[in-house]
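Both counts, for ligands and for their atoms, begin at 1 and track the order of listing. Count residues from 1 along the sequence.
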Amino acid sequence: MTERTLVLAKPDAVARGLTGEIIKRLETRGLRLAALKMIWIDEELATRHYSAHVGKPFFEGLVQYITSLPVVAMVWEGPSAVSVMRTTMGATNPAQAQPGTIRGDFGMDISNNLVHGSDSLESAEKEIELFFREEEIFSWKRPHETYISGE
Ligand code: UDP
Ligand code: MG
């Protein structure tokens with residue numbers, strides 16, 4: 001099924017010049033970039049985006065981190081986009097993420113784990129709404145889409 005997922009190149013990815021690398025991996029995997037903007041997340045948006053983590057011991061540090069620099073927010077579209085992104089980004093703790101994943105290739109620290117990807121279709125819908133208006137999101141197909149994504 002065609003899905004959309006929210007991806008963030010987080011402050012450490014922007015600071016380290018890894019935004020292009022993250023985009024490249026998702027493009028070559030076969031997902032389609034449907035929306036992109038740079039945004040400096042404020043405390044309110046951080047709290048809404050990470051509402052599931054309010055009250056956890058790492059929450060305050062997480063808000064400080066995600067608001068520390070601008071992020072590159074994206075919507076990616078394609079078959080099983082949510083799980084394709086989750087497997088491309090790797091486990092939450094980069095120290096345990098598989099090599100070949102974004103976190104496993106570029107990270108070591110759970111507090112600086114480079115990327116966000118929605119964890120379910122339901123979260124994806126909610127998170128995309130927080131960052132983008134529907135008119136800012138473009139669904140499109142490649143001429144040879146069927147060879148790439150099967151769609
Ligand atoms: N996080 C952290 N310390 C932890 C757990 C999570 O700093 O012990 C941060 C980390 O940036 C992570 C985010 O909180 O990406 C959201 O956590 P979640 O469990 O949703 O991980 P994700 O879905 O990003 O893999
Ligand atoms: Mg999560």
Side-chain angles (χ1 to χ4, degrees), residues 1-134 136-139 149 151:
M1 188 182 78
T2 306
E3 295 176 357
R4 284 175 174 178
T5 190
L6 182 86
V7 173
L8 301 177
K10 291 175 169 182
D12 49 331
V14 172
R16 292 174 55 192
L18 290 169
T19 305
E21 176 71 32
I22 290 165
I23 291 173
K24 188 183 124 208
R25 286 176 178 228
L26 294 170
E27 278 186 318
T28 51
R29 181 105 199 244
L31 293 177
R32 299 181 296 274
L33 183 59
L36 178 146
K37 70 167 73 154
M38 188 161 235
I39 174 166
W40 202 316
I41 297 177
D42 62 13
E43 212 173 307
E44 191 201 328
L45 179 56
T47 304
R48 292 175 76 186
H49 175 66
Y50 283 124
S51 59
H53 299 303
V54 173
K56 292 186 185 169
F58 60 85
F59 182 73
E60 208 171 304
L62 173 58
V63 172
Q64 218 163 25
Y65 158 67
I66 206 73
T67 60
S68 64
L69 281 179
V71 303
V72 176
M74 296 164 260
V75 176
W76 287 84
E77 191 172 87
S80 305
V82 169
S83 63
V84 165
M85 175 54 198
R86 294 291 292 188
T87 56
T88 304
M89 76 193 213
T92 303
N93 186 349
Q96 280 148 24
Q98 292 293 313
T101 64
I102 295 166
R103 286 166 169 173
D105 285 349
F106 298 110
M108 299 253 288
D109 176 16
I110 193 164
S111 307
N112 293 280
N113 61 3
L114 299 158
V115 282
H116 171 83
S118 309
D119 65 6
S120 67
L121 207 46
E122 198 192 357
S123 321
E125 279 168 19
K126 282 193 202 136
E127 292 172 1
I128 288 168
E129 261 188 39
L130 288 179
F131 286 85
F132 293 95
R133 287 179 284 117
E134 191 54 39
E136 294 176 316
I137 307 171
F138 302 101
S139 289
S149 71
E151 293 198 321

Legend entry - Test side chain to side chain contact (heavy atoms under 4.5 Å, CB included) applied to E77 and T5, step by step: CA-CA 7 Å; E77 191 172 87; T5 190; over 6 Å; no

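Residue Y50 has at least one heavy-atom neighbour below 4.0 Å for each of these atoms of ligand 1: 16 (C). The atoms of ligand 1 that sit less than 4.0 Å from any heavy atom of R103 are 15 (O), 22 (P), 24 (O), 25 (O). Listed by number with element, the atoms of ligand 1 under 4.0 Å from a non-hydrogen atom of S111 are 7 (O).
With distances taken over non-hydrogen atoms, the option nearest atom 16 (C) of ligand 1 out of K10, H49, R86, H53 is H53. Nearest residue to atom 3 (N) of ligand 1 from F59, F58, Y65 is F58 (criterion: closest heavy atom).
Between D42 and R48, none of the side-chain N atoms (NZ, or NE/NH1/NH2) sits under 4.0 Å from a carboxylate O, so this pair counts as no salt bridge. For K126 and E129, the salt-bridge test fails: no basic side-chain N is under 4.0 Å from an acidic carboxylate O. Using a 4.0 Å cut-off between a side-chain N of Lys or Arg and a carboxylate O of Asp or Glu, R4 and E134 qualify as a salt bridge.
At a 3.5 angstrom cut-off on N or O pairs, N113 counts as close to ligand 1.
The side-chain tip of K37 does not point at the ring of F131 from less than 6.0 angstrom away and within 45° of straight on.
At least one heavy atom of L62 sits under 4.0 Å from some atom of ligand 1.
If you look at T92 next to ligand 1, the close heavy atoms, those under 4.0 Å, come from the backbone and the side chain alike.
Side chain to side chain, T88 and R29 meet the donor-acceptor criterion of an N or O pair below 3.5 Å.
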